[in-house]
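Let me begin by presenting the structure, written as structure tokens, before commenting on it.
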Amino acid sequence: AMLRRDDVDYVSIKLSAVASQLSMWGFETTVQRLVDKLTPLYEYAAIQPKKKFINLDMEEYRDLGLTILVFKKLLAKPELQNLEAGIVLQAYLPDAFEALKELTQFATERVANGGASIKVRIVKGANLAMEHVDAKWHGWEVSVDRDEKTGQVVTTVGMPQFPGLDKVLDTAEKMYSFVNSGIPKK
């Protein structure tokens with residue numbers, strides 16, 4: 001509904017806001033259900049004369065694979081080939097670097113096949129506090145060095161060999177300078 005407004009050209013969406021009770025037990029069914037629910041929104045954005053941008057927000061660590069797969073399946077649809085869209089990557093996640101490589105591969109192939117580039121918005125990790133609560137609840141050790149992980153991901157994004165990721169929001173630049181000044185030298 002927000003995207004239909006003339007004064008709105010950018011929205012962020014979380015998978016949990018689209019479908020409640022996301023089940024990892026029925027992973028493929030969950031992926032398809034989310035793709036089905038999000039497709040009309042992405043299709044609407046794709047046919048607008050004035051650019052409309054959708055950013056798929058990453059939530060918790062357990063949602064990393066789900067969010068990336070839904071994003072890739074949506075943007076792999078032929079009718080969405082020319083839609084530039086984005087995804088948020090929580091840089092503190094243990095698999096953030098591998099996730100970035102996966103998104104880079106997807107973006108590179110998409111652009112090589114005539115599609116639009118994607119944006120990856122790198123955030124330091126708004127959900128880290130909840131990850132700590134979850135870990136404590138389950139008796140797991142938290143071994144994430146958020147600044148170090150963020151630095152690894154942000155530094156990689158700035159490298160020229162990632163042509164499909166040619167537009168990264170200014171968040172990355174701000175974070176890069178923060179990480180460079182914020183990580184103690186060993």
Side-chain angles (χ1 to χ4, degrees), residues 1-22 29-60 63-93 96 99-100 102-130 150 153-154 157-158 160 162-178:
M2 283 290 292
L3 208 54
R4 293 193 187 283
R5 291 178 39 173
D6 288 337
D7 62 333
V8 174
D9 60 2
Y10 183 105
V11 295
S12 288
I13 300 169
K14 293 181 182 202
L15 294 180
S16 63
V18 174
S20 64
Q21 301 174 355
L22 298 176
T29 302
T30 298
V31 168
Q32 193 56 52
R33 183 169 59 120
L34 289 164
V35 169
D36 292 345
K37 284 186 172 269
L38 287 168
T39 295
L41 183 66
Y42 279 75
E43 287 174 341
Y44 177 80
I47 62 169
Q48 296 309 299
K50 183 180 169 195
K51 183 179 174 182
K52 300 276 187 174
F53 188 86
I54 301 171
N55 214 27
L56 192 57
D57 275 349
M58 185 76 55
E59 294 185 76
E60 300 174 52
D63 301 326
L64 175 67
L66 178 67
T67 306
I68 291 173
L69 188 55
V70 167
F71 180 74
K72 287 170 49 178
K73 282 188 175 271
L74 282 164
L75 294 186
K77 291 178 168 279
E79 63 271 25
L80 299 176
Q81 177 182 6
N82 296 318
L83 177 68
E84 183 181 355
I87 188 168
V88 174
L89 182 59
Q90 302 272 358
Y92 75 89
L93 296 175
L100 179 62
E102 180 180 346
L103 289 165
T104 300
Q105 181 64 37
F106 172 76
T108 302
E109 290 171 9
R110 188 171 197 248
V111 169
N113 290 323
S117 62
I118 66 169
K119 289 184 183 182
V120 176
R121 180 172 172 232
I122 298 171
V123 296
K124 197 167 181 180
N127 294 324
L128 186 58
M130 189 58 211
T150 301
V153 172
V154 171
V157 168
F162 296 106
L165 297 176
D166 59 6
K167 294 184 178 179
V168 176
L169 301 178
D170 68 336
T171 305
E173 289 178 27
K174 290 176 185 168
M175 286 180 55
Y176 182 73
S177 59
F178 169 79

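Predicted model, so just to flag it, every value in this text is computed and none were measured. Throughout, residue positions are numbered sequentially from 1 according to the sequence presented.
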Minimum-distance pair of heavy atoms, taken over all atoms of Met58 and Gln90
O-NE2, 3.3 Å

Please name all residues satisfying side chain to side chain contact (heavy atoms under 4.5 Å, CB included) with Gln105, sequence neighbours left out, ordered by chain then number.
Glu109

Does the Lys50 side chain pair with the main chain of Asp6, one donor and one acceptor, at a distance under 3.5 Å?
yes

Closest non-hydrogen atom pair between Val111 and Ser117, with its separation:
CG2-CA, 3.8 Å

Gln81 (side chain) donor-acceptor with Asn113 (main chain) under 3.5 angstrom
yes

For a quick test of reading the model, state the closest non-hydrogen atom pair linking Ala85 to Tyr42 and the distance between them.
CB-CE2, 4.0 Å

Taking all non-hydrogen atoms of both residues, which atom of Lys73 and which atom of Val31 are closest, and how far apart?
CD-CG1, 3.6 Å

Close side-chain approach of Leu38 and Leu56, heavy atoms under 4.5 Å:
yes

Side chain to side chain contact (heavy atoms under 4.5 Å, CB included) with Ala45: which residues, sequence neighbours excluded?
Leu3, Lys52, Ile54, Leu83

Hey, could you give me each pair passing salt bridge (charged side-chain N to carboxylate O under 4.0 Å, His left out) that has a residue in residues 74-83? Not counting sequence neighbours.
none

Looking at CG of Asp57 and OG1 of Thr67, how far apart are the two atoms once the value is rounded to the nearest 0.5 Å?
9.0 Å

Atom pair CD1 (Ile13) and CD1 (Ile87), whose distance is rounded to the nearest 0.5 Å
12.0 Å

Can you measure from CZ (Arg33) to CG (Leu15) and round to the nearest 0.5 angstrom?
10.5 Å

Atom pair CZ (Phe106) and CG (Leu69), whose distance is rounded to the nearest 0.5 Å:
10.0 Å

State the CG-NZ distance between Asn55 and Lys119, to the nearest 0.5 angstrom.
8.5 Å

Nearest non-hydrogen partners of Ile118 and Arg110, listed with the distance:
CG2-NH1, 4.0 Å

Heavy atoms of other groups near Asp7 CG, more than 12 under 6.0 Å:
yes

Between Tyr10 and Arg121 the two heavy atoms that sit nearest each other are OH-CD, 4.4 Å

What distance separates Leu34 CG from Gln32 CD, expressed to the nearest 0.5 Å?
9.5 Å

